[in-house]
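Note that the structure is a prediction, hence the values are computed from the model and not measured. One-based numbering, in listed order, for ligands and for the atoms of each.
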Amino acid sequence: MDKALLSKTAAAMLAKGKGILAADESSGTCEKRFKSVNVESTEENRRAYRNLLFSTAGIEQYLSGVILFDETARQKANDGTPIPEYLAKKGIIPGIKVDKGTIALPFTDGETVTEGLDGLSKRLEEYFKLGCRFAKWRAVISIGENLPTHTCLYANAHVLARYAAACQVANIVPMIEPEVLLDGKHTAERSEEVHEATLRATYAAIAAYNVSVEHLILKTSMVVSGKDNPRQAGVDEVAERTVRVLRRTVPAAQPGIVFLSGGQSEEAATAHLSAMAAMKNLPWPLTFSYSRALQNPALKTWRGQAGNVSAAQKAFYHRAHMNGLAAQGKWKNELEKQAA
Ligand code: 13P
């Protein structure tokens, strides 16, 4: 384990005013997203779309890293360079999603555990050779009447920790992502309880498997109200509840925390991040690692048409810029008006 390399990667991922683009949608998820704008999800269309994002002029001012899907890590940029190398040349760290998705957890009411530990060390070695310097593994936690169960939290925490240990041995910074879904009618208070239980279970496993917290990044959901709850917590409440949970559970020794957007509107994801990053005396830097909240306006503008590429890049640049400000607690509503 090359601690100096891991520390250098983690510090670069958390550089001030920058965040991470999640572009690691599986082929299935890509199909869903593309279908919403009437684009066929072929390998070439996925390559063209990802290239549109990565080749946006100046995007490296706001992006420290990009999370790739296996297919993309093996594709070429428009200039023929392998994509990981193309990103690295721009000063953007290539990362890789290494989990293999979820399967049903027996004896639970529809809960899941994430798979992908088999053969992981070998795959990590290969990804390192391809230029990837950090990885992501997502676990899914649902809130419901009797959910999540201890079984679900326990099973996912253990695989997250084993994945993280394997990454560190391979000199790849692990990003652990236990995502608490915002689907449901629950209150923000209930979401806070579930986030706390999830993170406690996760960090107990991190300690049990001797994972180095100095070389680990948490990717977390925010504490928001269930999306079907008529009472939606406001920006300050979301920020306060999220930071309270994180302070209770995440070691101060960790280099940083990044957020997923989880289906929040683009502007809400930005406003929440800005409110949290503006708080004083946080033990870790906070930034974004969004997929939908960075990409949605670009995807809707692109619609698979080559003639829309530059307008789509403008929309993408704008969201990255807004979130770059939010990561420093400097975003304001009025700035949205200079929209792309
Ligand atoms: P969203 O920001 O769309 O939630 O995606 C982030 C992510 O990486 C999910 O695993």
Side-chain angles (χ1 to χ4, degrees), residues 13 18-37 49-50 53 62-73 92-102 112-116 132 134-143 156 159-160 163-164 173-184 191 195 198 202 217-224 226-227 238 242 256-274 276 286-300 315-316 319-320 322-324 326-327:
M13 288 167 72
K18 296 186 184 186
I20 291 161
L21 166 67
D24 60 323
E25 300 83 4
S26 63
S27 301
T29 304
C30 235
E31 181 146 5
K32 219 164 50 191
R33 303 269 157 86
F34 276 21
K35 204 166 172 190
S36 73
V37 293
Y49 173 64
R50 261 83 181 237
L53 300 175
Y62 310 117
L63 292 187
S64 58
V66 173
I67 314 172
L68 302 169
F69 189 59
D70 179 84
E71 175 186 275
T72 323
I92 298 174
I93 307 167
I96 185 82
K97 169 196 175 78
V98 300
D99 70 69
K100 298 266 191 187
T102 59
T112 63
V113 65
T114 304
E115 289 196 302
C132 300
F134 72 97
K136 178 189 114 171
W137 180 293
R138 174 173 176 259
V140 182
I141 315 296
S142 301
I143 304 182
N156 278 296
V159 287
L160 276 168
Y163 139 81
V173 172
M175 187 185 253
I176 49 170
E177 184 188 19
E179 174 175 0
V180 178
L181 299 180
L182 50 69
D183 301 323
S191 174
H195 275 86
T198 300
T202 303
I217 290 179
L218 172 68
K219 173 159 175 166
T220 180
S221 35
M222 298 180 196
V223 177
V224 295
K227 83 170 185 292
V238 169
T242 306
I257 299 173
V258 300
F259 294 98
L260 61 97
S261 59
Q264 298 180 42
S265 73
E266 290 97 52
E267 216 168 303
T270 306
H272 290 151
L273 173 61
S274 196
M276 291 189 275
L286 305 178
T287 191
F288 59 92
S289 175
Y290 301 154
S291 161
R292 284 164 286 179
L294 276 171
Q295 294 185 39
N296 275 349
L299 182 65
K300 285 190 199 139
F316 176 54
R319 283 270 45 90
M322 292 299 101
N323 285 302

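For atom 4 (O) of ligand 1, the nearest protein heavy atom (residue, atom name, distance) is Gly262 N, 2.6 Å. Protein heavy atom in closest approach to atom 9 (C) of ligand 1: Glu177 OE2, 3.3 Å. Lys219 NZ, 3.3 Å is the protein heavy atom nearest to atom 7 (C) of ligand 1. Atom 5 (O) of ligand 1 has Ser291 CB, 3.2 Å as its closest protein atom, hydrogens excluded (heavy atom only). For atom 2 (O) of ligand 1, the closest non-hydrogen atom of the protein is Ser261 OG, 2.5 Å.
For ligand 1, the atoms closer than 4.0 angstrom to any heavy atom of Ala22 are 8 (O). In summary, the atoms of ligand 1 found under 4.0 Å from a heavy atom of Lys136, numbered by their order in the structure, are 7 (C), 8 (O), 9 (C), 10 (O).
Looking at heavy atoms from C-beta onward, Lys227 lies in side-chain contact with Asp183 at the 4.5 angstrom threshold. The shortest side-chain heavy-atom distance between Tyr62 and Asn323 does not fall under the 4.5 Å cut-off. Leu260 places none of its side-chain heavy atoms less than 4.5 Å from the side chain of Ser289.
The closest donor-acceptor contact from the side chain of Tyr163 to the backbone of Gly116 lies at 3.5 Å or more, if one exists at all. With hydrogens and angles disregarded, no donor-acceptor distance shorter than 3.5 Å links the side chain of Ser261 to the backbone of Gln264. A donor-acceptor contact shorter than 3.5 Å links the side chain of Thr287 to the backbone of Lys18.
The side chain of Arg138, and not its backbone, has at least one atom closer than 4.0 Å to an atom of ligand 1 (non-hydrogen atoms only; side chain from C-beta on).
Of the listed options Glu179, Gln264, Arg292, Arg292 places a heavy atom closest to atom 3 (O) of ligand 1.
Here Arg50 pairs with Glu25 in a salt bridge; the nearest charged N to carboxylate O distance falls below 4.0 Å.
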